[in-house]
Structure formats: C-alpha cells, structure tokens
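Here the structure comes first, spelled out in structure tokens, and everything after it is commentary.
Residue numbers begin at 1 in each chain, while the letters A, B, ... track the order of the sequences.
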Amino acid sequence: MSDVLAVAEHRRGDLRPISHELITAGRELADATGGELHVAVISGDVEAFADSLNREGVDAIHTITDGEEFNHDLTVESLDALWSALDASYLVAPNSVNGLDYVPAIAQRLDLPLVTDAIGLSLEDGLEVTRERYGSKVETTVAVADDAGAVVSVRDGEWPPAEGVGDATVESFDPGVDESAIHSTVTGFQEVGAGDVDISEADFVVSIGRGIEEEENLELIERLVDATGATLAASRPVVDNEWLPKNRQVGQSGKTVTPDIYIAIGISGAVQHVAGMKGAETIVAINTDPDAPIFDIADYGIVGDLFEVVPALIEEFGGETA
Amino acid sequence: MQILVTVKEVGQLGDEVVIEDGEIAESALEYDLNEWDEYALESAVQLSEAYDDVEVVTATIGPERSDETIRMALAKGADRAVRIWDDALTADGAGDETPADGLLDTRVRVELLSAIVEREEPDLVLSGVQSADAAFASTGVALAEEIDDAWAAVVNDLEVDPDAGTASVHRELEGGIEELTDVPLPAVLTIQTGINEPRYASLRGIRQAQSKELTVLDLDDLGIGTDAVTGALETTALYEPETTSDATIWEGDAESTAGELAAFLRDSGVIEG
Ligand SMILES: Cc1cc2nc3c(=O)[nH]c(=O)nc-3n(C[C@H](O)[C@H](O)[C@H](O)COP(=O)(O)OP(=O)(O)OC[C@H]3O[C@@H](n4cnc5c(N)ncnc54)[C@H](O)[C@@H]3O)c2cc1C
C-alpha cells in the first residue's frame, strides 16, 4: 500500500482546472496501489481552495499558508517537508508552465524518477506512463522500475475533473521553510498580446503555421483573408519570427479562440497549439502530411500543398490572384 | 563571466514515420540542433557581445554524430564545446549511436551535466525549455536543484546584470501572462523560443569553428560509474498513435479540394457578401 500526493495549482486567486483533473488521475493511481489520495495546496486562499478540492476520492488535504502566488523555492521546500511527513510513493503534479518550474526540482530533491507530460497511467507490475514524443507524432509507454516510486506530471485536459463532494480531512501543514531557502523573487505580472485585433472574438479564423516557410509568403495568406473576410491568426513559430504580432498567436501561451470555423494552414497541431483552438465549432486543416496530428481534431481536411490549395481558394472567392 | 549552454542534437521526423524494433528508424530522422537550445545559444552569444570577458561553453550529451551540430553552435559564436559520451550510454552498451533508455531518467542527465558544471563553474547555465524529441522539459530545473543554483523556467525575456550578480527574467505563463522574476547568479534558466532572433552562422564563423576546442569526455574522465547512468525508466512501447480522426478529407487536386472548401464556407454563412 502506498499513498499518492497530488499538488494543486492556482493563479491570481483561482484554482486552475488541472487541479481537479489531478485528483482524478491521482485517485486512479491510489486505487491501483490501495493507498490514500492526499492533496497539497500551497499559498493563496488555501481555505477556499481546500473547499473546492474536497471532491470525491480525496482522503486528505494539506494546506500550506505562505505567500499569495506560486514561488518555486517555497513549493519545493514545502513539498519536501510534506513528503517526509507522509508515507507516499507517487507525487502527481501539473505539466503546466509553473509545473515545469518546480516538478523537476522536487523529483531531483526526493531522488525519484520523473516522467513528465503523462496522458495515461497504468499500475500493474509497476507504474507505466503513456506519453508522446516528436510533437504528438509518436506515442510511447515508459515503465518505471519496480517500487521506485515516482513523480509524474500530467497533461491538462486528459483526465476528467473530479466531481462531487468528498469528506477529506483538511489540515494545515507547517513546512518550516527557512527564508534563506527562497532565492527567486516574483516582482509582478504583465499581460502581453494586447493590440488592435482580438482574435478571440472572431467567428472565422484563418491560421497560418511554419508551413508558410518565409515571411514574404505571408502575403498569400493575407490575400485569402482579404477575399474571405476571415481574421488572421498564427501558430507560435510565425510569431516567434516576428512575422506577425503576439496578439495573433493561438495556443497555450497565446490566445484561446472559439470561432465557428478555424482553418489551420501548415500547422502540425502540437498540443500547445491545440490548447488554444480545440473549442472551435468546425476545424479545417490544410497540410501536406496526412499523419499530422491536426487531422485528429479536424472536421474537414485537405492533404495538400498550401502553395497550391490557397491560391485556388483565393480564386474561388474572386480574390487577387497575384 | 562564464555561460554554459546545454546543446542537444535532436532527430526530427519527416512526413514518414518508420518504426523498427520499437525505435524510430534512423532513416526517418533528420538531425539538427534542438529548436529551444538554438534560442538559449543565441541568448548566451548576445550576452558575450554585450559584456567583456564572457566565455560561452556548450555542453552536449550525445554520440559523435552530434559534432556536426556542435560545430554549428561554435560557428554561431560559442567559444568552445564539451561533449559527453560513453559506450555505457548507448542502447547496446557497445557504442552504437542510439542512446540508452537510462538517459530518459532526468537524474542521469543531471549526473552527467553536473560533472561538467563542477569542472567549468559557470555563472549562468542556459538550456532550452525542452527537447523537441523526448520533450521531458526537465533537465535545466533538475540540474539547478542538484548544483544548488537558483533557477527560472520558460524564460522569454532576460536581462543580466553581471555586477549586481542578478538575472531579471520574464517567465511566459499560460494565456498571455508573464511573470516577472529576479534570480541571483549563479543560476540556471530554461529558455523559450521567440526570446530572440537566432542568427545564421556566417562563412567566417564556420571556418573559425573548425579550430575551436571540442573536448570529448567519457564516464571515466568524469569520475562517474556505470551504475549511476542506469536510470529507472524503460521505454516499453513506441508506436504511431491510433488516429482518432473522423475528419472528412476532401480528395482531388488543388482546384477541386479548394472548390469543396469554398462551397462549405459559403454554406456555413461565415463569408460576408
Ligand atoms: C511552454 C510552451 C508553450 C507553447 N505555446 C504555444 C502556443 O501558444 N501556440 C503555438 O502554436 N505553439 C506553442 N508552442 C510550440 C508548439 O510546441 C509547436 O512547436 C508549434 O505549435 C508548432 O507550430 P507549427 O505547427 O506551425 O509548426 P510545425 O510543427 O513545424 O508544423 C508545420 C506543419 O506544416 C506542414 N507543412 C509544411 N509545408 C507545408 C505546405 N507547403 N503546405 C501545407 N502544409 C505544410 C507540415 O507538414 C507540418 O505539419 C509552445 C511550446 C512550449 C514548450
């Protein structure tokens, strides 16, 4: 029997949805080990968070009152202390940006094997984690050597959120963190990506990815946008290259869009991109690669070269044909 | 000031995925510098241009094949390079170029890289947020914990004040929000794409790179035993995910597929006029 510790995440006063998904994933593991599911929540309004985290399947919630927002040093020190006080074998945490900032460190601190970005878990003769490689084109299962215990970070949206009301014990935990262990200082937050257009409001989005190859080729997509009245958006590499401003970026670190129609052109469909557009009513993909992951979520697709398909499409709408 | 940049050569998949014996066939991969490391390298080189007496050293875990990629990093402005490889790090234990599963275990990569840190004593370590192939996104932060450095992950803006011994960074969070954070040096930062504009290697740079120092070290050189690189992870299966696609694919040449899409768009009512 071994217990599972799940670590909740919040930002600016709200629990992030992954927190409730982690309860489901953690419960799955705890059921397999026959152990208990513990949840840790650190900083902010821990009382209110604990209320919301008290869902079916949670045995105990540990609140750590210190600071308002995430700080990785505080998180690592607190989890280290809590881990010593518990009898857990598995730590499950979000594969979020803040997860990337503390999960590898706590795994290293506890000298446990780490598997990140899990999309599936199974525990039979030992823990086996399903995850992706090569931008979702290949899936693997990774086995953790028997009885080693492990730290696993979990991709968001892969487990349903835990529901119902649980009867977990809620206890405040004092990790006794020494000031000198806190090295980094968060000095503030900044919103980026403001500007003239708000792509998240658009009904019809044409989005362009690395398949466009060169900045000068963008003009082709602009003509399509002119001819159809669509709103222009892009995947990250196009914005990284500064071919389009940040407010056009769709995805995890950009905007979330929910148009009636989203046409993804030369976009592979990496998970961080999909995070920002999977809520579109209808998704159309144009891509030369029939195995591109974007086709998994598309409703309609064209397997073809954008440099042939897009000009033909512009012509259909009587646009300028270069 | 010394800056250590972790540089990984990654295989990139083309349109054709070929899997042989539970591994991706060599023929299906094209090797290149990891996209995220390219930005980390550029950040380091820009710092070396902005301040006097900055040495940029690259650190790589990888087989001999990686030397080509490392030379490119040297051509783009790194001063010298260190590469770690050993038969014990290969899948067959006898020197083929496929990395052993042991390297999947972050603790193993950290063991190797921290030995380099011990030798070089850098003030700043820059690594990519993740590698494009395995995408564990864990090396930099785990390394920081091991060597007792401060750190910050997913950095998309960086200012270093060598005199004050601090780095002021932006961490790119989800949803267009950035966290502003100060970290004291020595520190490890994991660098996000888009932080800068990576340069192309100049012809002169490529010529100069040939004579820059590239040191190859094995486990013996680092004083690391083979036990320390065994790791606790094993890849038990590797496959193309079953397609969950129920997309309607319009078939035909560009004219006819574009025609289908145009008709669909007109029917849907999103087209104005
Ligand atoms: C922390 C983090 C946050 C991230 N946030 C975001 C984010 O907010 N938004 C985002 O988009 N990404 C984000 N990414 C990056 C993401 O992982 C991918 O790297 C990125 O989405 C890939 O963009 P792409 O699909 O345009 O490029 P690629 O993956 O390179 O795909 C290009 C596609 O174009 C196709 N193609 C090539 N030529 C043609 C042609 N002539 N005609 C038709 N098709 C063609 C190819 O087959 C391929 O499928 C993030 C990554 C990390 C680690």
Side-chain angles (χ1 to χ4, degrees), chain A residues 96-97 100-101 104-105 107-109 113-117 128 133-134 137-145 148 183-193 203-204 228-229 236 239-240 252-255 260-261 284 288-289 291 295-296 298-304 308-309 312-313 316-317, chain B residues 13 15 17 24 104-107 110 129 133-138 141-142 144-146 150 152-154 171-174 176-184 193-194 232-241 243-245 247-250 254-255 257-259 261-262 264-265 268 270-272:
Chain A
S96 56
V97 173
L100 298 184
D101 201 35
Q108 188 73 23
R109 173 77 65 92
L114 167 68
V115 189
T116 60
D117 203 16
E128 207 166 52
R133 283 199 216 171
Y134 299 99
K137 288 190 79 170
V138 174
E139 210 167 278
T140 65
T141 54
V142 179
V144 180
H183 303 293
S184 67
T185 320
V186 179
T187 58
F189 292 91
Q190 185 176 310
E191 312 245 357
V192 291
D203 296 331
F204 177 25
T228 56
R236 175 166 199 127
V239 174
D240 280 347
Q252 177 189 299
S253 45
K255 292 261 161 70
D260 297 333
I261 296 183
V284 182
T288 41
D289 176 6
D291 294 325
F295 286 117
D296 287 346
D299 302 288
Y300 297 92
I302 295 173
V303 178
E308 293 172 13
V309 176
L313 197 54
E316 281 283 339
F317 289 105
Chain B
L13 270 178
D15 287 359
V17 180
I24 296 171
L104 283 180
D105 194 324
T106 307
R107 294 170 299 176
V110 165
V129 165
D133 50 2
F136 264 69
S138 58
V141 170
E145 164 63 26
E146 183 64 24
V154 194
R171 295 185 53 237
E172 186 191 64
L173 305 180
E174 291 87 354
I177 296 174
E178 296 181 357
E179 179 200 280
L180 282 51
T181 299
D182 290 339
V183 279
T193 60
L233 304 182
E234 188 193 348
T235 302
T236 42
L238 185 150
Y239 46 90
E240 280 189 82
T243 169
T244 48
S245 174
T248 304
I249 303 291
W250 290 308
E255 278 70 37
T257 53
L261 174 52
F264 171 78
L265 292 176
S268 71
V270 290
I271 305 287
E272 289 149 23

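Below 30°, between 30° and 60°, or above 60°: for A:Y300 and B:F264 the angle between ring planes is between 30° and 60°, a tilted geometry.
If you measure heavy-atom distances from B:D133 to chain A, the contacts under 4.5 Å come from both the backbone and the side chain. With a 4.5 Å cut-off on non-hydrogen atoms, B:V270 touches chain A through its backbone and its side chain both. For A:V115, the parts lying near chain B are the backbone and the side chain together; criterion is any non-hydrogen pair under 4.5 Å. For B:T236, the parts lying near chain A are the backbone and the side chain together; criterion is any non-hydrogen pair under 4.5 Å. For A:V144, the parts lying under 4.5 angstrom from a heavy atom of chain B are both the backbone and the side chain. Contact annotation for B:A262: both backbone and side-chain heavy atoms come within less than 4.5 Å of a heavy atom of chain A. When heavy atoms are compared at a cutoff of 4.5 Å, A:D260 approaches chain B solely by way of its side chain, counted from C-beta outward. With a threshold of 4.5 angstrom between heavy atoms, A:K255 does not approach chain B through any atom at all. For B:V110, the part lying near chain A is the side chain, with the backbone staying farther off; criterion is any non-hydrogen pair under 4.5 Å.
Remark: side-chain polar atoms of A:T141 are paired, donor with acceptor, to backbone N or O of B:A237 under 3.5 angstrom. Side chain of B:S138 to backbone of A:P104: no donor-acceptor contact under 3.5 angstrom is found. At least one donor-acceptor pair closer than 3.5 Å links the side chain of A:D101 to the backbone N or O of B:A153. Looking at A:R236, its side chain never comes within 3.5 Å of a backbone N or O of B:G194 through a donor-acceptor pair.
Under the 4.5 Å side-chain criterion, counting only non-hydrogen atoms from C-beta, A:R133 is not in contact with B:I24. A heavy-atom distance below 4.5 Å is not found between the side chains of A:Y134 and B:V17.
Here B:L173 is the residue among B:L173, B:D105, B:V154 with the most heavy-atom pairs under 4.5 Å with chain A. Listed options B:V129, B:T106, B:T235 were ranked by heavy-atom pairs under 4.5 angstrom with chain A; first place goes to B:T235.
Neither side chain, A:S184 nor B:R171, offers a donor N or O lying under 3.5 Å from an acceptor on the other.
For the side chain to side chain donor-acceptor pair (under 3.5 Å) test, no residue two or more places apart in sequence or in another chain qualifies with B:E234. A:D117 meets the side-chain contact (heavy atoms from CB on, under 4.5 Å) test with A:N95, A:R131, A:R155; sequence neighbours excluded.
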Using the rule given for side chain to side chain contact (heavy atoms under 4.5 Å, CB included), can you reason through A:K137 versus B:E240, listing the C-alpha separation, both sets of side-chain angles and the distance that settles it, and then say yes or no? CA-CA 6 Å; A:K137 288 190 79 170; B:E240 280 189 82; over 6 Å; no
